[in-house]
Participant: 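Sharing a structure below in structure tokens format, with a few things to ask.
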Amino acid sequence: MVANNSRTDAHAQTGVRQLLRGLPVLKGEAPQFDTSAAPDDPAELFVEWLRTAVESGITEPHAMTLSTVTEDGSPSARVLILKDLDSAGWHFAVQAESRKGRELAARPVASLTFYWPQLVRQVRVSGPVVADDRDIAEADFLARPIGSRAMALTGRQSRSMADPGELDDALAIATLALAGSPGHVPAQWISYALQATEVEFWQGDPERRHHRLVYCLVGDAWSRKRLWP
């Protein structure tokens, strides 16, 4: 019986391998990318690439993978939305009591990854994170849809849920609270700014002659160099 199960597992794994190998990759239309003409500031190039993604009709081009570090040093990742990019950094918001909120509080470093397959482009940003001023967090929260704010007010993100009915009850209470105090912002809502120390721009090529340009912060200035594919 064990042997049969082993053969079944092997066949299943082979089937998945064949499925994955049969999927096309790098089939997007890559725009022109002249690394020698790149601006001195990576934020400027990112905004250029982001605008191209928006104009190309890519769904949720501001979606990014936020990678943090757990207390034991393990990686932890999830997808969030970039809220802003300015001289203070790359902004995103979290609930302090969520898993990512706790991880950022314990180890205030992170990495952001953007991927636009239709353009065969990826951007990676890494560096320390700092909490924004309270007014920025409040403005971010109040700009969110009512359902999103109600969910945040439940204050239970990432906790175990024994009964799905608990969610309906908690949302009903939170929605009622917002109706009575629409300008309320929970203290646990935090806006963070990632202060980039390294930004890499990657543009894929079907022949694997990828274009890679990395910016590194040295003191107060950016240096940049091309990398092998």
Participant: Given 3.5 Å as the limit, does a donor-acceptor pair link the side chain of R121 with the main chain of A30, or not?
Facilitator: no

Participant: Which one of F46, W49, Y115 satisfies the ring-ring contact (aromatic ring centres under 6.0 Å, His included) criterion with F201?
Facilitator: W49

Participant: Give a yes or no answer on whether the side chain of D205 reaches the backbone of E207 with a donor-acceptor pair at less than 3.5 Å.
Facilitator: yes

Participant: How about T52 and W116: do any of their side-chain heavy atoms sit closer than 4.5 Å?
Facilitator: no

Participant: Any ion pair linking R134 and E138 (charged N to carboxylate O, less than 4.0 Å)?
Facilitator: yes

Participant: Could you tell me whether the side chain of Y215 reaches within less than 4.5 Å of the side chain of D41, counting heavy atoms only?
Facilitator: no

Participant: Consider side-chain contact (heavy atoms from CB on, under 4.5 Å). Of T113, L112, T197, which one does V125 pass it with?
Facilitator: L112

Participant: Return the minimal non-hydrogen interatomic distance between A88 and A193, and the atom names on each side.
Facilitator: O-CB, 3.7 Å

Participant: Do you know the tightest heavy-atom contact between P61 and L50?
Facilitator: O-CD1, 3.8 Å

Participant: Do L104 and F92 have side chains that get closer than 4.5 Å, going by heavy atoms?
Facilitator: yes

Participant: Please give me the minimum heavy-atom distance between A63 and F114, naming the atom from each residue.
Facilitator: O-CD2, 3.5 Å

Participant: Please name the pair of heavy atoms, one in R208 and one in L26, separated by the smallest distance, quoted to 0.1 Å.
Facilitator: NH1-CD1, 3.6 Å

Participant: For T154 and M151, indicate whether the former's side chain and the latter's backbone hold a donor-acceptor pair under 3.5 Å.
Facilitator: yes

Participant: Applying side-chain hydrogen bond (donor to acceptor under 3.5 Å, both in side chains), name anything that partners R212, two or more places apart in sequence or on another chain.
Facilitator: E200

Participant: Is E103 paired with R99 through a side-chain N to carboxylate O contact shorter than 4.0 Å?
Facilitator: yes

Participant: Answer whether the closest heavy-atom distance between the side chains of H211 and R226 falls below 4.5 Å.
Facilitator: yes

Participant: Output the distance between atom CG (D84) and atom NE2 (H62), rounded to the nearest 0.5 Å.
Facilitator: 12.0 Å

Participant: Measure the CD-CG distance between Q203 and L119 for me, rounded to the nearest 0.5 Å.
Facilitator: 8.0 Å

Participant: Could you tell me which residues satisfy side-chain hydrogen bond (donor to acceptor under 3.5 Å, both in side chains) with H91, sequence neighbours excluded, listed by chain and number?
Facilitator: D86, D132

Participant: By the ring-ring contact (aromatic ring centres under 6.0 Å, His included) test, which pairs, at least two apart or in different chains, include something from residues 128-150?
Facilitator: F141-W189

